[in-house]
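Note sheet for the following structure.
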There are 2 protein chains.
Amino acid sequence: MTTSSFAVLALLDLRPWTGYELTQQAKRSLRYAWPKSERLLYSEPKKLVELGYATVHTEEQGGRSRNVYTITEDGTAALGGWMSTRTQAPRLEIEAMLRLLFADHGSEGDVLRSLEELESDIGEHHRAIVELMGSYLDGGHPFPERTHLSVLFATFQIEMFKAMERWIEFARGEIDDWPSTKDLGMTGRTEVLTRLLAEDRSPLEQAPVLSGRPAATR
Amino acid sequence: MTTSSFAVLALLDLRPWTGYELTQQAKRSLRYAWPKSERLLYSEPKKLVELGYATVHTEEQGGRSRNVYTITEDGTAALGGWMSTRTQAPRLEIEAMLRLLFADHGSEGDVLRSLEELESDIGEHHRAIVELMGSYLDGGHPFPERTHLSVLFATFQIEMFKAMERWIEFARGEIDDWPSTKDLGMTGRTEVLTRLLAEDRSPLEQAPVLSGRPAATR
DNA sequence: AGTTCGCTACTGCAGGTTGCAGTAATTGGG
DNA sequence: CCCAATTACTGCAACCTGCAGTAGCGAACT
């Protein structure tokens, strides 16, 4: 049983779902906490059936059949057991940051484009969450009794998205001040930043608005 | 060629490394942008050799031998080509958030413990980065001409860590106000939060310090 | 009436990735 | 002299992803 198994099991504990419905639900909610491929969302419930944590029955709808998965008592018990296990460390894969670390292999345009791509990917998710919150106000939550959980999670997402967007703006300002991506090393400005970070202070808090052109080298 | 291949190739472009050194270097720098297993860091350079992007030669050091990998011209060219490709969307795996989404399967203690575990995992990384910045000031950077890149990346990490830590404090305050993890649904407080989020406003900005006990239901 | 497009509803498979176990030599401390 | 930690890997099972392929359905367009 992997964390992904428990993620699917937790969904099955809400109500029975078909494989396809699981993929759709994962796209809406799970994706931001535990991003998994569509493929896995089809495979995982099959494994749960093998382990006795769920049952399948095929429903005929027109000429098409679909597999409906239902949690068993053993499944509920397994889910309960999971709650008391150690939570895995978070894992953040951000290719744009990898490209930043090795930005000296390319031009300033390359890094800036990479940051733009990051910004647009984040922006999409950001807008999706804001819209979702609107839909909770208008039409309510698909599982009304769980609204408090979805909304608290949404506060996390909004904080992360805003923090990333703020940082991207800041980074743009810094990179714009570079004469090149290469061989800058410990410039005056970099030293200022390093000193702030070594004291665990945020360089963004200093000039919250006028991030356009901070003193480049002093 | 995967992004991980390019990550290793980028390291090889700095200087030749042995497999073991690659794992150690990845632990220090890459981990926070592109977390990969030790196992992969041993396999990846072998693949690069097969593709002609690197060469190996075994050095004898005592009775032990180690494989030293060096980038080829083809490798440098491939790396240059990568710079102009589309950056992948970020991918954030945070089990603690999955557990929050399904917190109604367990007790308040379970969610709070999960948040504590998240906090401690983040805290470790947070401290490591601050310490690293101190070492840049004292002893310098292992590749001095690349200091500006490492430091700009570090500003990102510090922003993320601080944002997560702030949110965890906020979430603790919210959860403490819950009478239970289950069946709360759209309480007054949740509606307040939903409204803020639907307007893309941060609920943390409201009460930056006194996050202990916000008006629970009004 | 026929065709195409998009959605529903999956499966197979190759290849990327991880964690663990196992091997073996070197170094430093008690 | 022994033991633990570090160096320096490899093999393997199991996990996970992306892509291609299959197939029925409904609505729109021609």
Side-chain angles (χ1 to χ4, degrees), chain A residues 1-9 11 16-28 30-31 33-51 54 56-69 85-86 88-93 95 98, chain B residues 1-9 11 16-28 30-31 33-51 53-54 56-69 82 85-86 88-93 95 98:
Chain A
M1 291 289 285
T2 64
T3 299
S4 303
S5 313
F6 289 113
V8 172
L9 207 49
L11 282 178
W17 306 80
T18 71
Y20 181 70
E21 284 170 340
L22 283 172
T23 66
Q24 299 310 299
Q25 185 57 26
K27 218 182 268 177
R28 263 174 267 138
L30 288 190
R31 187 175 33 155
W34 199 247
K36 293 293 135 180
S37 68
E38 196 182 285
R39 190 62 188 82
L40 191 74
L41 273 297
Y42 279 115
S43 308
E44 211 56 56
K46 287 191 161 186
K47 212 179 67 183
L48 294 177
V49 170
E50 264 178 55
L51 291 166
V56 220
H57 66 109
T58 50
E59 262 180 18
E60 294 296 322
Q61 197 195 6
R64 211 167 16 182
S65 73
R66 21 194 245 150
N67 305 322
V68 183
Y69 297 94
T85 58
R86 174 48 157 108
Q88 279 177 38
R91 191 193 156 92
L92 315 184
E93 265 181 28
E95 203 192 272
L98 182 63
Chain B
M1 291 289 284
T2 64
T3 300
S4 302
S5 314
F6 289 112
V8 172
L9 206 50
L11 282 178
W17 306 81
T18 70
Y20 181 70
E21 284 171 339
L22 283 171
T23 66
Q24 299 310 298
Q25 185 56 26
K27 218 182 269 178
R28 263 175 265 136
L30 288 190
R31 188 174 33 154
W34 199 249
K36 292 293 134 181
S37 67
E38 195 182 283
R39 189 65 189 79
L40 191 74
L41 274 298
Y42 278 116
S43 309
E44 212 55 59
K46 287 191 160 184
K47 212 178 67 183
L48 294 177
V49 170
E50 264 178 55
L51 291 165
Y53 293 154
V56 220
H57 66 107
T58 50
E59 262 180 19
E60 294 295 323
Q61 196 197 3
R64 209 166 20 183
S65 73
R66 19 191 250 154
N67 305 322
V68 184
Y69 297 93
W82 177 59
T85 59
R86 174 51 157 107
Q88 278 177 38
R91 190 192 156 92
L92 316 183
E93 265 180 28
E95 204 193 271
L98 181 63

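To find a chain, count down the sequence lines: A is the first, B the second, and so on, and within it residues start at 1.
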Which residues pass the side-chain hydrogen bond (donor to acceptor under 3.5 Å, both in side chains) test with A:Gln88, sequence neighbours left out? A:Thr3, B:Glu95
Can you name the salt bridge (Lys or Arg N to Asp or Glu O under 4.0 Å) partners of B:Glu21, sequence neighbours left out? B:Arg15
Which part of the nucleic acid does A:Thr18 contact within heavy-atom distance under 4.0 Å: base, sugar-phosphate only, or nothing? sugar-phosphate
Is the distance from OP1 or OP2 of D:dC16 to the nearest side-chain N or O of A:Thr2 less than 4.0 Å? yes
Taking the side chain of A:Asn67 as its heavy atoms from C-beta onward, which of D:dC16, D:dC9, C:dC10 lies nearest to it? C:dC10
Partners passing side-chain hydrogen bond (donor to acceptor under 3.5 Å, both in side chains) against B:Ser5 (at least two apart in sequence or in another chain): B:Thr2, B:Glu44, B:Lys47
Against the side chain of A:Tyr20, the closest entry in D:dT10, C:dC10, D:dT17 is C:dC10
Please work out which residues in residues 35-44 of chain B have a non-hydrogen atom less than 4.0 Å from an atom of DNA chain C and list them by number. B:Pro35, B:Lys36, B:Ser37, B:Arg39, B:Leu40, B:Glu44
Run the side-chain hydrogen bond (donor to acceptor under 3.5 Å, both in side chains) test against B:Arg31 and tell me which residues pass, sequence neighbours left out. none
Which residues pass the salt bridge (Lys or Arg N to Asp or Glu O under 4.0 Å) test with B:Glu59, sequence neighbours left out? B:Arg66
When the axes are fitted on five pairs at both termini, how much does the helix from C:dA1-D:dT30 to C:dG30-D:dC1 curve, in 10° steps? 20°
Holding to ring-ring contact (aromatic ring centres under 6.0 Å, His included), I want the full list of residues that pass it with B:Trp82, two or more places apart in sequence or in another chain. B:Phe6
At less than 4.0 Å, is any side-chain N or O atom of B:Ser65 found next to OP1 or OP2 of D:dA8? Yes or no. no
According to side-chain hydrogen bond (donor to acceptor under 3.5 Å, both in side chains), who are the partners of B:Arg28, at least two apart in sequence or on a separate chain? B:Gln25
